[in-house]
Amino acid sequence: MGFEEMWADLLPLGRDAATGGYRRFAWTPPELECRAWFADEARRRGLDVEHDANGNMIAWWRPEGARGPAVLTGSHLDSVPGGGAFDGPLGVVSAFAAIDLLRDRGVRPRRPVGVAAFAEEEGARFGVACLGSRLLTGTIDPARARALTDADGRTFADVLHHAGLDPEAIGPDDGLLDRVGCFVELHVEQGRALAGPVGVASAIVPHGRWRFDFAGEGNHAGTTGLADRRDPMLPFAGMVLAAREAAERNGTVATVGKVRVTPNGVNAIASAVTGWLDARGPDDAAVRRTVADVDAAARAAARPHGVAVELAEESYTGIVGFDLDLRDRLARTLGGVPVLPTGAGHDAGILSARVPTAMLFVRNPTGVSHAPAEHADTADCLAGVAALAAVLDDLTAG
Ligand code: HGY
Ligand code: MN
Ligand code: MN
Ligand code: MN
């Protein structure tokens with residue numbers, strides 16, 4: 001079952017007719033189908049699947065005689081709403097295909113190799129990106145994680161319990177991390193900078209998401225005089241515009257892509273609005289200034305309308321500089337491919353706090369990601385598999 005057959009099997013799972021993209025939210029039926037696909041591919045290869053306490057899965061290849069810290073690869077299977085086909089799954093399918101290549105060549109790794117599928121990388125269901133790898137590395141409080149809720153008000157603890165996991169068992173897993181020597185994540189490029197089929201990541205720029213809650217007063221849209229309104233939509237609108245202005249002023253990027261309106265009725269003045277800001281930039285200070293500017297603008301816009309504003313939640317990742325030795329080793333193995341930073345967050349960025357990590361990128365000719373137009377040509381995907389196989393061969397040789 002080579003790359004193209006695996007890809008054809010996975011591709012139909014989780015399609016979202018409404019957007020033409022994918023909707024594979026963690027532990028919803030489409031993502032559970034992807035998890036079942038993962039277990040099938042592992043079983044087909046005689047790999048043991050480990051389910052850690054945090055909902056992450058790792059398929060282990062332990063050739064006879066292999067010992068010592070493992071080389072971990074893989075990525076994630078979940079998606080953003082309306083996401084593309086490649087963000088996450090390309091890294092998982094390529095990992096299985098790279099193992100096939102090594103086996104076909106008779107390569108016998110002297111270290112174990114793991115294929116990971118990290119849980120809730122996009123944070124699309126519970127609002128915190130890389131939730132599974134954050135829990136694994138101890139970079140989110142398990143109690144905070146258990147209390148996270150999805151759009152239907154279901155808690156992460158509920159969903160874990162329903163998935164057969166113990167919500168009280170989530171948290172850092174040093175035992176697992178101690179078995180990992182390094183992590184190499186292959187990922188579709190999220191941009192259009194790559195001149196060749198494959199590149200190596202130099203860094204992940206600082207990025208984060210901030211939740212703003214606006215509290216006003218619900219009322220009738222038709223019978224309430226303007227002077228009697230406390231409409232939270234107005235300062236929310238101010239926040240959206242301020243995000244773009246603050247980004248231009250601070251040399252960053254900022255987006256408000258998600259909003260929740262209560263009660264969300266055409267003829268009802270909202271009682272509450274929640275908006276999520278995503279801000280990213282070249283350095284911590286620029287991102288922090290952007291968020292501070294948006295916060296100030298939201299409060300200034302709220303005051304005249306008697307609306308309360310709270311910057312209620314933050315999940316932020318400072319700059320991730322990948323392990324230089326590992327990065328240079330990959331670049332050498334691949335014969336001097338381009339090395340470039342990324343503005344996208346990844347599990348590799350979270351794991352880099354605990355194990356040496358590196359990333360490979362596969363060219364995306366559209367440059368689009370987190371949308372249906374995300375793409376990688378098959379030839380480039382196969383070049384990515386070959387590159388990953390070469391990297392795994394090198395890293396497991398001794
Ligand atoms: O949001 C991100 O940057 C990543 O694609 N999860
Ligand atoms: Mn993504
Ligand atoms: Mn991703
Ligand atoms: Mn990722």
Side-chain angles (χ1 to χ4, degrees), residues 10 14 16 19 21-26 31 34 38 56 73-95 115-134 139-140 183-193 199 201 203-211 247 252-258 276-282 287 314-320 322 340-352 357-364 366-376 381 384 388:
L10 187 58
D16 175 15
T19 59
Y22 286 83
R23 190 180 181 86
R24 295 166 170 160
F25 286 13
E31 196 250 11
C34 294
F38 180 91
N56 304 308
T73 183
S75 187
H76 61 95
L77 295 170
D78 66 303
S79 78
V80 296
F86 296 82
D87 177 349
L90 183 63
V92 179
V93 175
S94 299
V115 177
F118 287 104
E120 181 69 339
E121 191 274 351
E122 296 292 0
R125 182 169 184 184
F126 294 102
V128 172
C130 300
L131 186 56
S133 51
R134 285 181 194 276
T139 46
I140 184 169
F183 174 51
V184 179
E185 180 172 4
L186 181 145
H187 204 282
V188 67
E189 180 192 10
Q190 294 167 300
R192 199 166 35 184
I204 298 177
V205 303
H207 63 285
R209 54 183 75 180
W210 290 263
R211 196 189 89 210
T252 58
V253 290
T255 314
V256 179
K258 179 176 176 178
W276 281 264
L277 171 70
D278 180 310
R280 313 190 188 203
V287 175
E314 153 180 311
S315 63
Y316 179 67
T317 307
I319 190 157
V320 169
F322 290 110
L340 65 167
T342 178
H346 298 281
D347 294 306
I350 303 301
L351 262 81
S352 68
T357 61
M359 289 193 77
L360 292 178
F361 291 130
V362 171
R363 176 167 49 189
N364 171 349
T366 70
V368 172
S369 184
H370 285 187
E374 182 181 83
H375 184 71
C381 293
L388 183 58

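In each ligand, atom 1 is the first atom listed, and ligand 1 is the first ligand listed. Each residue takes its place number in the sequence, starting with 1.
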Visitor: Should you measure from each heavy atom of E122, which atoms of ligand 1 turn up under 4.0 Å away?
Guide: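 Answer, ordered by atom number: 4 (C), 5 (O), 6 (N).
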Visitor: If you measure from each non-hydrogen atom of H207 to ligand 1, which part falls under 4.0 Å: side chain, backbone, both or neither?
Guide: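 For H207, no heavy atom sits under 4.0 Å from ligand 1.
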Visitor: Could you grab the distance from atom CG of L10 to atom OH of Y22, nearest 0.5 Å is fine?
Guide: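 L10 atom CG to Y22 atom OH measures 7.5 Å (nearest 0.5 Å).
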Visitor: Where is the tightest heavy-atom contact between S75 and V92, given as atom of each residue plus distance?
Guide: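 Smallest interatomic distance, heavy atoms only, reads N-CG2, 3.7 Å.
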Visitor: From D87, does some N, O or S atom reach closer than 2.8 Å to the Mn ion (ligand 3)?
Guide: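 A backbone or side-chain N, O or S atom of D87 is under 2.8 Å from the Mn ion (ligand 3).
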Visitor: List every atom of ligand 1 that sits less than 4.0 Å from any heavy atom of D87, numbering the atoms from 1 in the order shown and giving each element.
Guide: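 In order of numbering, the contacting atoms are 5 (O).
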Visitor: Tell me, which N, O or S atom in E122 is closest to the Mn ion (ligand 2)?
Guide: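 The nearest such atom is OE2.
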Visitor: So, does H370 sit close enough to ligand 1 that a heavy atom of it is under 4.0 Å from the ligand?
Guide: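 It does, in that a heavy atom of H370 comes within the 4.0 Å cut-off of ligand 1.
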Visitor: Might you point out which heavy atoms bring D87 and H76 nearest each other, and give the distance in Å?
Guide: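 Answer, listing the atom of D87 first, then H76: OD1-NE2, 2.9 Å.
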Visitor: Closer than 4.0 Å to some heavy atom of E121 - which atoms of ligand 1 meet that?
Guide: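 Numbered from 1, ligand 1 contributes 4 (C), 6 (N).
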Visitor: Is it true that a side-chain atom of T139 and a backbone atom of R134 form a donor plus acceptor pair closer than 3.5 Å?
Guide: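 Present.
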Visitor: Would you give the length of the straight line joining atom CZ of F361 to atom CG of L340, rounded to the nearest 0.5 angstrom?
Guide: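 Here the rounded value is 6.0 Å.
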Visitor: Rounded to the nearest 0.5 Å, how far does OG of S352 lie from CZ of F322?
Guide: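 It is 6.5 Å, given to the nearest 0.5 Å.
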Visitor: Identify which of H76, R280, H187, H346 has a heavy atom lying nearest to atom 1 (O) of ligand 1.
Guide: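 Nearest heavy atom to atom 1 (O) of ligand 1 lies in R280.
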Visitor: Using a strict cut-off of 4.0 Å, indicate which atoms of ligand 1 neighbour a heavy atom of Q190.
Guide: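 Matching atoms, with element in brackets: 5 (O).
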Visitor: Please find the pair of heavy atoms, one from R24 and one from G14, that lie closest to each other, and give the distance.
Guide: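 In this case the closest contact between R24 and G14 is CG-CA, 4.0 Å.
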Visitor: With backbone taken as N, CA, C and O and side chain as the heavy atoms from C-beta onward, which portion of V80 lies under 4.0 Å from ligand 1: side chain, backbone, both, or neither?
Guide: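 Answer for V80: neither.
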Visitor: Which value, rounded to the nearest 0.5 Å, describes the distance between E374 atom CD and E189 atom CD?
Guide: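 One gets 11.0 Å once the value is rounded to the nearest 0.5 Å.
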Visitor: Under 2.8 Å from the Mn ion (ligand 3), is there an N/O/S atom belonging to H346?
Guide: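 Of the N, O and S atoms in H346, none lies under 2.8 Å from the Mn ion (ligand 3), which means no.
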Visitor: Quick one: which of G343, G349, S369, G345 has a heavy atom closest to atom 2 (C) of ligand 1?
Guide: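 Looking at heavy atoms only, the winner is G345.
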Visitor: Please identify which atoms of ligand 1 are closer than 4.0 Å to at least one heavy atom of A344.
Guide: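 Counting from 1, the qualifying ligand atoms are 3 (O).
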Visitor: Suppose we screen for side chain to side chain donor-acceptor pair (under 3.5 Å). Which residues come up paired with E31, at least two apart in sequence or across chains?
Guide: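 Listed in chain order: R35.
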